Amino acid sequence: KWSKAYCDIFQAEGFKEQGNVFYSKKDYSEAFNYYTKAIDACPKNASYYGNRAATLMMLCRFREALEDSQQAVRLDDCFMKGHLREGKCHLSLGNAMAASRCFQKVLELDPRSGDAQQENKNATALLEFEQMADFSFKKRDFRKVVYCMDRALALASACHRFKILKAECLALLGRYPEAQSVASDILRMDSTNADALYVRGLCLYYEDCIDKAVQFFFQALRMAPDHEKARLACRNAKALKAKKEEGNHAFKNNNYEAAYQLYTEALAIDPNNIKTNAKLYCNRATAGAKLKKLNQAIEDCTSAIKLDDTYIKAYLRRAQCYMDTEQYEEAVRDYEKVYQTEKTSEHKHLLKTAQLELKKSKRKDYYKVLGVGKNATEDEIKKAYRKRALMHHPDRHSAATPEVQKEEEKKFKEVGEAFTVLSDPKKKVRYDNGHDLDDDGCFDGGDFDANNIFRAFFGGHGGGFTFDSSQGIFFFSFHCRHPLVY
């Protein structure tokens with residue numbers, strides 16, 4: 001028996017030495033094989049487990065390394081390297097408290113151990129980052145959580161829990177490709193990881209792929225029936241889809257009030273769903289525009305753009321609302337943004353139309369001066385001119401203060417100027433098309449005379465207002481004409 005035991009030890013030592021050679025060459029897979037042979041030959045030797053643990057750590061197989069380290073210190077409680085490796089495994093897996101206990105054990109055995117002192121500081125730092133992340137998550141400061149998790153993962157590279165928390169916060173920040181990448185890496189190693197399945201579903205949910213998201217939430221719940229986040233997300237996803245579809249159905253049936261209310265209810269379901277909520281705001285804006293709630297529609301489009309500044313449909317809807325409310329500068333700005341992004345002929349036409357309206361808005365509004373609509377007939381323009389010209393004629397205000405006389409004279413000239421343009425079909429077309437009338441010789445500076453137009457319109461060569469105090473009316477008399485009462 002002694003001879004066999006001696007042979008086993010001798011053989012095990014040979015395997016260990018061969019393992020050491022491969023380890024020094026960084027051929028960790030071969031080193032693992034030889035250390036395993038050494039353990040098989042002599043399973044009660046703590047150092048063999050310690051060596052294999054070191055090899056597994058180099059292969060990033062920290063859970064297996066942790067088991068070997070724990071077996072090593074069970075065999076030899078004074079095996080400092082075993083305690084140190086166990087602590088490092090705990091640290092890499094994100095268990096700072098357990099890691100600290102291991103490092104404290106090493107320091108009891110050797111108070112001057114520099115490795116144990118440094119690793120203990122790392123364990124303390126890891127615990128602080130974890131606590132800070134937990135506090136920040138409750139405050140919904142997801143950027144701070146990502147920062148903490150990056151620092152924590154630098155110390156605990158194999159901790160799936162930290163990776164999942166980082167991925168979840170990346171999803172909540174709208175950084176879906178990064179979140180998907182982290183979750184996918186974990187699922188490649190562990191396809192049954194409920195947290196990773198949940199994050200995959202969350203990314204799809206926030207990218208408005210609700211049906212696919214629900215499938216992942218169901219998978220997560222199959223793996224972990226008590227996964228509360230997956231359950232809540234699944235419920236929100238189904239509710240959001242149903243409410244949005246109800247709103248769309250109401251809109252298609254021209255029931256705009258109902259659609260507006262349904263979109264409002266959908267927006268209250270999950271404030272974190274940025275992409276879907278952007279669409280809901282835009283949908284509500286469309287319903288609001290149909291209901292002539294143009295200012296609210298503009299606000300909804302602005303909310304949609306804040307959530308998704310690449311959302312072309314929201315820019316287009318807001319621009320149209322700006323056009324409808326004659327806010328042409330804002331409309332031009334939105335159409336320019338759209339055209340820069342998508343240079344289509346339709347977007348170019350919309351931009352040019354808005355630019356034209358902006359240009360026209362900066363001129364005198366002759367229709368407004370006469371108090372008529374832009375589709376006014378020739379007779380309506382004449383009647384409006386007759387009324388406004390008599391209202392602002394200087395003779396009617398001869399008894400007023402100089403300031404009032406000056407203002408009324410200015411308005412009288414504007415009325416004549418407006419009539420000159422709008423009563424001439426060619427000039428009216430040019431004016432309506434936004435052309436500069438000065439370039440066409442319509443006006444020649446200071447020679448414009450509103451009184452000449454007034455006399456020509458009323459058919460006389462002079463005259464003026466007379467006020468009859470007994471009757472309380474104005475008379476206007478023309479040369480070669482009998483007085484007319486207005």
Side-chain angles (χ1 to χ4, degrees), residues 1-110 113-120 122-123 126 153-163 185-186 188-193:
K1 289 183 180 179
W2 181 88
S3 178
K4 183 178 184 306
Y6 181 80
C7 289
D8 288 343
I9 293 171
F10 183 79
Q11 186 181 39
E13 282 294 310
F15 289 140
K16 186 192 80 167
E17 290 302 324
Q18 287 179 283
N20 290 346
V21 171
F22 283 111
Y23 187 93
S24 64
K25 293 179 179 179
K26 299 184 180 179
D27 188 345
Y28 302 117
S29 295
E30 241 357 87
F32 172 82
N33 291 334
Y34 279 100
Y35 290 140
T36 301
K37 289 178 181 180
I39 290 171
D40 292 340
C42 189
K44 300 296 184 179
N45 190 305
S47 67
Y48 298 164
Y49 287 99
N51 286 2
R52 191 169 71 172
T55 303
L56 287 166
M57 290 170 69
M58 299 306 294
L59 292 168
C60 297
R61 293 160 60 178
F62 292 100
R63 293 194 182 281
E64 296 170 76
L66 177 61
E67 292 174 6
D68 274 357
S69 298
Q70 289 173 330
Q71 179 61 20
V73 297
R74 275 195 292 268
L75 292 169
D76 182 359
D77 190 50
C78 294
F79 185 29
M80 285 196 299
K81 286 186 178 180
H83 287 295
L84 191 62
R85 284 167 187 160
E86 182 187 355
K88 287 183 178 181
C89 289
H90 279 308
L91 194 63
S92 294
L93 292 168
N95 193 341
M97 297 288 285
S100 185
R101 285 195 295 270
C102 293
F103 300 137
Q104 288 292 343
K105 179 65 175 179
V106 175
L107 290 171
E108 288 175 14
L109 297 169
D110 181 6
S113 173
D115 283 348
Q117 291 173 358
Q118 181 57 51
E119 294 296 348
N120 202 34
N122 290 341
L126 181 63
L153 285 165
L155 300 169
S157 59
C159 182
H160 287 182
R161 183 164 47 88
F162 293 166
K163 290 179 181 179
D185 285 345
I186 293 172
R188 274 193 291 272
M189 292 182 281
D190 178 9
S191 62
T192 65
N193 189 299

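All values below come from the heavy atoms of this structure, side chains included, with hydrogens, waters and symmetry mates left out. On a predicted model such as this, the values are computed, not experimentally measured, just so you know.
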S.K.: Kindly compute the distance separating SG (C102) from CG (N95), expressed to the nearest 0.5 Å.
M.R.: 9.0 Å
S.K.: Calculate, to the nearest 0.5 Å, the distance between atoms CZ and CD1 belonging to R188 and I186 respectively.
M.R.: 10.5 Å
S.K.: Can you sort out the partners of Q117 under side-chain hydrogen bond (donor to acceptor under 3.5 Å, both in side chains), two or more places apart, ordered by chain and number?
M.R.: none
S.K.: Looking at residues at least two apart in the chain, or sitting in another chain, which of them share a side chain to side chain contact (heavy atoms under 4.5 Å, CB included) with D40?
M.R.: T36
S.K.: Any side-chain to backbone donor/acceptor pair from R85 onto A65? Under 3.5 Å, distance only.
M.R.: no
S.K.: Only counting residues at least two apart or in another chain, list the ones meeting side-chain hydrogen bond (donor to acceptor under 3.5 Å, both in side chains) with S113.
M.R.: none
S.K.: What residues form a salt bridge (Lys or Arg N to Asp or Glu O under 4.0 Å) with K81, not counting sequence neighbours?
M.R.: none
S.K.: With sequence neighbours excluded, what pairs up with D115 under the salt bridge (Lys or Arg N to Asp or Glu O under 4.0 Å) test?
M.R.: none
S.K.: Please list, chain by chain and in numerical order, all residues satisfying salt bridge (Lys or Arg N to Asp or Glu O under 4.0 Å) with R52, sequence neighbours excluded.
M.R.: D68
S.K.: Identify every side-chain donor-acceptor pair in residues 16-24 under 3.5 Å, counting partners at least two apart or on other chains, and give the distances.
M.R.:
residue : atom : partner : partner atom : Å
N20     : OD1  : Y35     : OH           : 2.5
S24     : OG   : N20     : O            : 3.4
S24     : OG   : V21     : O            : 2.6

S.K.: Where is the tightest heavy-atom contact between G82 and V73, given as atom of each residue plus distance?
M.R.: C-CG1, 3.5 Å
S.K.: For D27, check salt bridge (Lys or Arg N to Asp or Glu O under 4.0 Å) against everything at least two apart and list the hits.
M.R.: none
S.K.: Would you name the heavy atoms of M80 and V106 that are closest together and state the gap between them?
M.R.: O-CG2, 3.8 Å
S.K.: With rounding to the nearest 0.5 Å, note down the distance linking CG in L155 to CD in E119.
M.R.: 8.5 Å
S.K.: For the backbone of D77 and the side chain of H83, can you confirm whether one donor and one acceptor N or O come within less than 3.5 Å of each other?
M.R.: yes
S.K.: To the closest 0.5 Å, what do you measure between CG (D185) and NE2 (H160)?
M.R.: 9.0 Å
S.K.: Go through the structure and list residues passing side chain to side chain contact (heavy atoms under 4.5 Å, CB included) with A99, not counting sequence neighbours.
M.R.: H90, L91, F103, A123
S.K.: Nearest 0.5 Å, please: how far is CG in N122 from NZ in K88?
M.R.: 10.0 Å
S.K.: Applying side chain to side chain contact (heavy atoms under 4.5 Å, CB included), can you list everything that pairs with S191, at least two apart in sequence or on another chain?
M.R.: none
S.K.: Atom CG in N51, atom CG in L56: separation rounded to 0.5 Å?
M.R.: 11.0 Å
S.K.: Give the minimum heavy-atom separation between L126 and A96, together with the two atoms involved.
M.R.: CD2-CB, 4.0 Å
S.K.: Pairs under 3.5 angstrom only: tabulate donor-acceptor contacts from the side chains of residues 57-64 to other protein residues two or more places apart or in another chain.
M.R.:
residue : atom : partner : partner atom : Å
R61     : NE   : E64     : OE2          : 2.9
R61     : NH2  : E64     : OE1          : 2.8

S.K.: Listed by chain and number, what are the side chain to side chain contact (heavy atoms under 4.5 Å, CB included) partners of L75, not counting sequence neighbours?
M.R.: K44, A46, Y49, Q71
